[in-house]
*Asks:* 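Here it is, the structure in full.
None of the values given here were measured: they were computed from a predicted structure.
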Amino acid sequence: MKSYIMWTITYLKRLFKKPAFIVFLLIMPILSCLYIYGVSDKSSKIYVALYDMNNSELSNETIDRLLEYEGIFNFYEATSTDSIYEAVTKGDAHCGYIFTEDMAHLFETKKGKGSIDAIVSPSSSLASLIEEIIYSTIFDAFSKEIAYNYLIDNDIIDSANESESKEQIYKIYDYNLINFVDLVTEDNLDNYTEVISKDYIYNIPIKGVVALLIFISSLGGAYVYIRDRENGLFIKVAPYKRHLINIISIATPTIVTSLSGLIAIFIAHNNLSIFKEVFCLFLYFLIATAYVYLYNLVVKSSKLLCATIPIIIIACIVLSPIFIDVSSYIPQIRPISYLLPPTHYLNWF
């Protein structure tokens with residue numbers, strides 16, 4: 001055990017004697033500070049912009065409900081579509097949603113698709129959660145209409161006095177908080193899928209950069225071990241001990257970079273909870289270390305490793321949702337992206 005501790009300390013000393021590694025560690029916190037500097041006048045709330053081009057009963061009620069939402073998200077009404085693009089680009093808003101002019105008509109004709117335009121960052125880790133809130137709010141508002149149409153279509157109530165009947169049904173509905181799922185058939189639900197169509201805006205993807213740099217550090221640790229082995233450093237070391245030293249060589253820079261990444265995430269206020277962030281980064285550290293260790297068993301030449309590292313990094317940038325989730329455009333490549341560690345980490349959020 002003492003020998004392994006000695007190897008760990010040795011690798012740590014070697015790391016911190018390299019100015020390039022110090023700069024490498026500082027990249028993530030510096031990016032976070034730059035990000036915070038650009039949004040320094042914002043509160044800890046996550047802002048979501050809304051703009052109503054429809055001005056219908058449905059869109060008005062949906063926006064009113066969202067404005068009253070209490071939680072980590074702060075929904076607010078934008079003055080124009082251009083202001084939404086500007087807010088998301090600058091980071092003033094996490095994302096934005098535009099209720100199109102045909103929104104009410106699309107829902108009334110049981111289509112729904114394309115009734116809302118979403119302006120989000122491709123690396124957004126919270127867009128899917130925000131969209132679930134918007135979906136829920138829309139259907140809370142629209143389900144009263146579905147309930148009323150269901151009762152009319154099945155001759156449960158008289159449609160002669162439509163306005164009086166509708167008002168009465170709406171009051172009963174609000175009082176009993178009937179869930180719309182009980183009143184809609186599976187065929188009807190299919191008509192309301194893909195309500196939100198996305199338009200992507202780019203900003204600094206802190207977690208994507210963190211995931212990539214942690215993975216690069218683990219590959220760097222593998223290279224250091226191979227170079228040490230080629231230089232005869234482990235000639236007198238037993239074969240089984242070499243495997244443990246290999247793991248230490250990979251894990252040492254990976255855990256140090258993970259700590260730097262954790263600091264960067266909290267500086268940028270890009271975290272959900274301390275426990276989840278620490279747990280996910282620790283799990284990612286284990287995955288990256290194991291992945292590179294197994295890769296190191298296959299690629300035993302430092303020259304070959306150096307030749308393949310750029311390919312692996314490019315594959316991560318292109319296939320993993322670091323800067324943009326390409327698999328959302330080309331679903332066929334999704335299985336390939338799961339062969340890369342950053343994909344797993346970024347999909348946990």
*Asks:* Can you say whether the rings of Phe275 and Phe279 are parallel (under 30°), tilted (30 to 60°) or perpendicular (over 60°)?
*Replies:* parallel
*Asks:* Give the minimum heavy-atom separation between Gly261 and Leu281, together with the two atoms involved.
*Replies:* C-CD1, 4.4 Å
*Asks:* Transitively linked via ILVMFWY side-chain contacts under 4.5 Å: Leu259 with Ile22?
*Replies:*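 Different hydrophobic clusters.
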*Asks:* Testing the basics here: between Pro342 and Ala211, what is the closest heavy-atom pair and its distance to 0.1 Å?
*Replies:*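 Heavy atoms only, the tightest pair is CB-CB, 4.2 Å.
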*Asks:* Working note: Ile312 + Tyr295, criterion side chain to side chain contact (heavy atoms under 4.5 Å, CB included); need CA distance, chi angles, decisive distance, verdict.
*Replies:* CA-CA 11 Å; Ile312 295 173; Tyr295 185 70; 3.7 Å; yes
*Asks:* Could you check if a side-chain atom of Val224 sits within less than 4.5 angstrom of a side-chain atom of Leu15, using non-hydrogen atoms only?
*Replies:*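 A side-chain contact under 4.5 Å is absent here.
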*Asks:* Which residue pairs pass the salt bridge (Lys or Arg N to Asp or Glu O under 4.0 Å) test with at least one member in residues 218-240, sequence neighbours excluded?
*Replies:* Arg14-Asp228, Arg227-Glu230
*Asks:* Please confirm whether the ring centroid of His344 lies under 6.0 Å from the ring centroid of Tyr338.
*Replies:*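 Between His344 and Tyr338, the centre distance is under 6.0 Å.
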*Asks:* Counting N and O atoms only, with roles assigned by atom type, does the side chain of Ser302 sit under 3.5 Å from a partner on the main chain of Tyr223, one being a donor and the other an acceptor?
*Replies:* no
*Asks:* For the OH atom of Tyr291 and the CG atom of Asn296, what is their distance to the nearest 0.5 Å?
*Replies:*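 Atom-to-atom, Tyr291:OH and Asn296:CG are 12.5 Å apart.
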*Asks:* Under 4.5 Å between side-chain heavy atoms, hopping through other hydrophobics if needed: is there a path connecting Ile311 to Leu212?
*Replies:*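 Result: no, two separate clusters.
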*Asks:* Can any side-chain N or O of Ser136 pair as donor or acceptor with the backbone N or O of Glu132 at less than 3.5 Å?
*Replies:*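 No.
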*Asks:* Do you see a donor-acceptor pair shorter than 3.5 Å between the side chains of Thr137 and Tyr69?
*Replies:*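 The criterion, which ignores hydrogens and geometry beyond distance, is not satisfied for Tyr69 and Thr137.
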*Asks:* Met28 versus Ile263: any side-chain heavy-atom pair under 4.5 Å?
*Replies:* no
*Asks:* Under 6.0 Å between ring centres, would you say that holds for Phe234 and Tyr225?
*Replies:*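 Yes, ring centres under 6.0 Å apart.
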*Asks:* Are Trp7 and Ile235 connected in a single hydrophobic cluster, I mean Ile/Leu/Val/Met/Phe/Trp/Tyr linked by side-chain heavy atoms less than 4.5 Å apart?
*Replies:* no
*Asks:* Supply the atom-to-atom distance Leu339 CG to Leu319 CG, rounded to the nearest 0.5 angstrom.
*Replies:*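 Those atoms lie 9.0 Å apart.
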*Asks:* Do Ile248 and Tyr11 have side-chain heavy atoms sitting under 4.5 Å apart?
*Replies:*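 Result yes, sub-4.5 Å side-chain heavy-atom pair found.
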*Asks:* Nearest heavy-atom pair of Gly96 and Ile84: which atoms, and what distance?
*Replies:*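 For Gly96 and Ile84, the tightest heavy-atom pair comes out as CA-CG2, 3.7 Å.
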*Asks:* Go through the steps for Ile265 and Ser32 under the test side chain to side chain contact (heavy atoms under 4.5 Å, CB included), then give the verdict.
*Replies:* CA-CA 7 Å; Ile265 289 171; Ser32 295; over 6 Å; no
*Asks:* How long is the span from the CZ atom in Phe285 to the SG atom in Cys280, to the nearest 0.5 Å?
*Replies:* 15.0 Å
*Asks:* Would Met53 and Thr81 count as a side chain to side chain contact (heavy atoms under 4.5 Å, CB included) if you check the C-alpha gap in whole Å, the side-chain angles of each, and the deciding distance to 0.1 Å?
*Replies:* CA-CA 9 Å; Met53 297 178 65; Thr81 57; 4.0 Å; yes
*Asks:* State, yes or no, whether a side-chain contact exists between Thr254 and Phe215 at a heavy-atom distance under 4.5 Å.
*Replies:* no
*Asks:* Using only heavy-atom distances, determine whether the side chains of Ser56 and Ser59 contain a donor-acceptor pair under 3.5 Å.
*Replies:* yes
*Asks:* Using the test ring pair (Phe, Tyr, Trp, His ring centres under 6.0 Å), find all partners of Phe99 that sit at least two apart in sequence or belong to another chain.
*Replies:* none
*Asks:* Within a strict 4.5 Å, meaning less than it, do heavy atoms of the Ser258 and Phe282 side chains meet?
*Replies:* no
*Asks:* For the residue pair Phe24 and Ile216, establish whether any side-chain heavy-atom pair is separated by less than 4.5 Å.
*Replies:*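 Result yes, sub-4.5 Å side-chain heavy-atom pair found.
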*Asks:* Between Val23 and Leu12, is there a shared hydrophobic cluster once you connect ILVMFWY residues whose side-chain heavy atoms come closer than 4.5 Å?
*Replies:* no
*Asks:* Checking side chain to side chain contact (heavy atoms under 4.5 Å, CB included) for the pair Phe75/Ile134: CA distance, chi angles, key distance, verdict?
*Replies:* CA-CA 10 Å; Phe75 294 91; Ile134 293 176; 4.2 Å; yes
*Asks:* Looking at every non-hydrogen atom in both residues, tell me the closest pair between Ile138 and Ile116 and how far apart they are.
*Replies:*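 Where Ile138 meets Ile116 most closely, the heavy atoms are CD1-CD1, 3.1 Å.
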*Asks:* So, does Thr289 use its side chain to make a donor-acceptor pair with the main chain of Leu286 at under 3.5 Å?
*Replies:* no
*Asks:* Taking a hydrophobic cluster as the set of Ile, Leu, Val, Met, Phe, Trp and Tyr residues connected by side-chain heavy atoms closer than 4.5 Å, whether directly or through intermediates, do Leu294 and Leu305 fall within one such cluster?
*Replies:*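 Yes, Leu294 and Leu305 fall within the same hydrophobic cluster.
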*Asks:* Can you see which heavy atom on Pro239 is nearest to which on His243, and at what distance?
*Replies:* O-CD2, 3.3 Å
*Asks:* What's the spacing between Ile309 CD1 and Ile314 CD1 if we round to 0.5 Å?
*Replies:* 12.0 Å
*Asks:* I want to know whether Tyr51 and Tyr97 have ring centres closer than 6.0 Å.
*Replies:*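 They do not qualify: ring centres at least 6.0 Å apart.
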*Asks:* Any side-chain donor paired with an acceptor under 3.5 Å for Asp102 and Asn54?
*Replies:*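 No pair is found: no donor N or O on one side chain lies under 3.5 Å from an acceptor on the other.
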*Asks:* At what distance, to the nearest 0.5 angstrom, does CG of Leu283 lie from NZ of Lys276?
*Replies:*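 It comes to 12.0 Å.
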*Asks:* What I'd like to find out is whether the side chain of Cys95 reaches to under 4.5 Å of the side chain of Ile119, using heavy atoms alone.
*Replies:* no
*Asks:* Can you tell me how far apart CZ (Phe21) and OG (Ser260) are? Round to the nearest 0.5 Å.
*Replies:*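 One finds 8.5 Å between CZ of Phe21 and OG of Ser260.
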*Asks:* Check Ala264 against Val210 and note the closest heavy-atom contact, atom names and distance.
*Replies:*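 For Ala264 and Val210, the tightest heavy-atom pair comes out as CB-CG2, 4.5 Å.
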*Asks:* Heavy-atom distance under 4.5 Å between the side chains of Ile333 and Val318, does that happen here?
*Replies:*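 Side chain of Ile333 against side chain of Val318, heavy atoms only: no contact under 4.5 Å found.
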